[in-house]
Amino acid sequence: MQKPSIPKGTRDFTPQEMVNRNYIFSTIKDVFRLYGFQQIETPAMENLSTLMGKYGEEGDKLLFKITNSGDFMNGLTDEELLERNSAKLINKISEKGLRYDLTVPFARFVVQNRDKISFPFKRYQIQPVWRADRPQRGRYREFYQCDVDVVGSDSLLNELELIQIVDEVFRRLKINVVIKINNRKMLSGIAEIIGESDNITDITVAIDKIDKIGLEKVTEEIASKGISQEAIAKLQPILQLSGTNAEKLTELKKVLADSEIGLKGVSELETIFGLCQTMQVETKIELDLTLARGLNYYTGAIFEVKAIDVEMGSITGGGRYDNLTGVFGMEGVSGVGISFGADRIYDVLNQLNLYPENTLENTQILFVSFGEKELMYCLPWLSALRSKGINAEIYPEPAKMKKQMSYADNKCIPFAAIVGETEMNAGKVMLKNMKTGEQKLATMEDILESLA
RNA sequence: GUGGUUAUAGCUCAGUCGGUUAGAGCGUCGGAUUGUGGUUCCGAAGGUCGCGGGUUCGAGCCCCGUUUUCCACCCCA
């Protein structure tokens with residue numbers, strides 16, 4: 001006999017865990033709909049050509065690839081096999097992969113369904129994604145993302161709405177968070193000012209780590225990427241910016257005075273901060289220049305949300321991407337979106353134990369009986385209760401009473417309806433309150449009253 | 001992908017210096033109690049010690065490989 005197991009980085013969810021997860025999903029969904037977003041779904045697998053090259057070199061490695069059906073090695077030459085070049089071979093034996101996020105499949109969806117969509121298109125999507133990452137705390141190989149995106153609108157009002165959604169979702173979930181915000185245009189401007197526009201990716205990836213490894217190590221890392229000492233020297237004051245958001249922006253405006261794109265980034269952020277103030281967004285918003293985010297398709301605002309009371313990677317993230325649909329042949333469609341990491345939110349909620357009392361999803365009443373005749377007697381009662389919308393079940397065989405009562409106990413069922421000869425003769429059931437232990441002969445009306 | 005770490009009953013974990021028949025708690029099942037659950041008491045079932053190889057008279061324990069767990073990188077939700 002083999003021991004059953006599931007793949008690395010995947011999880012089963014028990015009924016109790018599903019109740020908790022559904023609480024998260026429905027909270028998020030409710031807020032999405034409140035802002036006029038509509039749901040779509042896309043397939044678990046996409047053509048590999050849709051996914052490859054969208055997440056950088058690292059991302060390509062983390063894609064789960066699906067081998068072709070049938071005898072997929074058949075068309076290969078001996079030379080190709082002997083070469084042992086995995087990257088080259090994979091293209092010959094695999095043409096599908098599991099989706100890595102929801103944003104790229106969404107861009108594909110927009111291009112493919114443009115005739116059915118009117119812009120601006122506001123969609124949400126809650127589905128699992130898969131990454132061949134090495135699992136760790138808060139990091140899984142299969143996890144759910146809850147994405148909201150608007151495409152076909154350049155307005156910064158969209159950024160505001162996304163921030164309001166974050167604000168509302170975490171208020172409802174009772175998680176204290178801070179929203180970190182940055183702008184890719186400002187990062188481009190900085191690279192431009194120090195004369196290293198070509199190396200912007202390396203620079204942003206490195207400065208992203210400043211909190212973790214410190215200024216010195218970051219400087220080292222940037223230098224190792226072949227960036228000049230002169231440029232690094234110019235970078236120093238920018239990395240050490242401090243003060244309020246407004247103070248930081250004022251300082252940045254001076255530094256970026258000669259960079260058109262940099263100033264554009266600053267003014268975008270000013271607008272967003274202004275809008276948030278007007279709309280009285282409660283969540284703390286922090287300009288964080290070190291926030292870079294690896295995904296290289298972002299072009300404007302970049303967001304990240306961190307829980308304050310728990311040690312955990314970011315639980316929500318996103319940004320603006322000006323031309324994601326361009327690679328699929330549809331130019332000039334700008335989008336902005338964020339992704340709630342349901343599994344990390346789930347972990348945070350578990351650690352803080354912030355779940356509401358849930359009783360509604362549970363069975364309300366269990367029928368306990370002693371024989372075939374009693375079972376038959378109960379069936380109409382069950383139907384009647386269910387037609388009133390009451391969750392009811394029956395222990396499906398005449399087991400020992402102790403066993404039936406324990407079953408009710410374990411499932412936290414608040415009422416038991418006990419049925420034997422006496423009850424059948426009276427045309428009633430013995431209704432027992434499992435909490436107080438009280439019981440009485442009851443009619444259907446009595447039951448409905450007790451459960452109300 | 002790199003480095004470390006872990007694996008013993010369904011679950012959580014003991015297991016001495018390498019020494020005879022591998023233990024506990026919880027859970028499950030049965031009984032005390034044939035119409036009353038949570039508490040209590042008694043009993044039972046349940047193990048190829050992750051897997052494969054090696055060292056040894058002898059391996060749960062030592063060595064090698066492999067898989068898995070968790071952690072730090074990398075990257076990210």
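Naming convention: chains lettered A, B, ... in sequence-line order (proteins, then strands); numbering from 1 in each chain.
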Per side chain to side chain contact (heavy atoms under 4.5 Å, CB included), N245(A) is matched among D288(A), L287(A), I181(A) by L287(A)

What interatomic distance, in whole Å, is found between C1' of A22(B) and the corresponding atom of A59(B)?
13 Å

Rounding to an integer number of Å, can you tell me how far M401(A) CE sits from U36(B) P?
7 Å

For the residue pair F109(A) and F121(A), does the interplanar ring angle fall in the parallel (under 30°), tilted (30 to 60°) or perpendicular (over 60°) class?
parallel

Classify the nucleic acid contact of D133(A) as base, sugar-phosphate or nothing, counting any heavy atom under 4.0 Å across all strands shown.
base

Counting distance alone, no hydrogens or angles: does the base of G38(B) have a donor or acceptor under 3.5 Å from a partner atom on the side chain of S406(A)?
no

Select base, sugar-phosphate, or nothing to describe what G371(A) touches, counting heavy atoms under 4.0 Å on all strands.
nothing

Looking only at non-hydrogen atoms, find the nearest pair between L385(A) and L448(A) and report the distance.
CD2-CD2, 3.9 Å

To the side chain of R344(A), which of C71(B), C76(B), G37(B) is closest?
C76(B)

Can you tell me how far P of U34(B) sits from CD of E421(A), to the nearest Å?
18 Å

Can you work out whether I6(A) or G341(A) has the more 5'-proximal nearest nucleotide on RNA chain B?
I6(A)

Which whole number of Å gives the distance between the C1' atom of G58(B) and that of C17(B)?
14 Å

With the threshold set at 4.0 Å, does a side-chain nitrogen-carboxylate oxygen contact exist between K54(A) and D101(A)?
no

Counting any heavy atom closer than 4.0 Å, what does R134(A) reach on the DNA or RNA strands: base, sugar-phosphate only, or nothing?
base

Any N or O donor-acceptor pair under 3.5 Å from the base of U36(B) to the side chain of Q404(A)?
no

Take the protein atom CG of D12(A) and the nucleotide atom P of U69(B), then report the distance between them rounded to whole Å.
13 Å

Report which part of the nucleic acid G313(A) touches: base, sugar-phosphate, or nothing (heavy-atom distance under 4.0 Å, all strands).
nothing

In whole Å, what is the span from the CD atom of E304(A) to the C1' atom of C75(B)?
12 Å

Would you kindly give the NZ-to-P distance between K411(A) and G38(B), to the nearest whole Å?
19 Å

Start at the 5' end of RNA chain B and walk down; is the nucleotide closest to Y144(A) or to K435(A) reached first?
K435(A)

In whole angstrom, give me the gap between the P atoms of G23(B) and U69(B).
30 Å

Checking all strands, does G138(A) fall into the base, sugar-phosphate, or nothing category for heavy-atom contacts under 4.0 angstrom?
base

Return yes if the base of C75(B) and the side-chain atoms of R139(A) contain a donor-acceptor N/O pair under 3.5 Å, otherwise no.
yes

Does this structure show an ion pair linking E421(A) with K373(A), if we count only N-O contacts that are shorter than 4.0 Å?
yes

Between E438(A) and K440(A), does any side-chain N to carboxylate O distance fall below 4.0 Å?
no

Determine whether any donor atom in the side chain of K432(A) lies under 3.5 Å from an acceptor atom in the base of U36(B), or the reverse, and answer yes or no.
yes

With respect to the side chain of Y140(A), which nucleotide from C29(B), U36(B), A77(B) is positioned closest?
A77(B)

If you look at every strand shown and take non-hydrogen atoms under 4.0 Å, does T316(A) touch a base, only sugar-phosphate, or nothing?
sugar-phosphate

Quick check on G1(B): is either OP1 or OP2 less than 4.0 Å from any side-chain nitrogen or oxygen of K61(A)?
no

With rounding to whole Å, what would you report as the distance between A7(B) and C49(B) at their C1' atoms?
9 Å

Step by step, work out the side chain to side chain contact (heavy atoms under 4.5 Å, CB included) result for L162(A) and Y35(A).
CA-CA 9 Å; L162(A) 292 178; Y35(A) 282 79; over 6 Å; no

OP1 or OP2 of G30(B) less than 4.0 angstrom from a side-chain nitrogen or oxygen of K400(A), does that happen here?
no

Closest approach to the side chain of K8(A), judged atom by atom: which nucleotide of U69(B), A77(B), C75(B) is it?
U69(B)

Side chain E423(A) and base G35(B) donor-acceptor under 3.5 Å
yes

Pick the P atom in G52(B) and in C57(B), then give their distance to the nearest Å.
23 Å

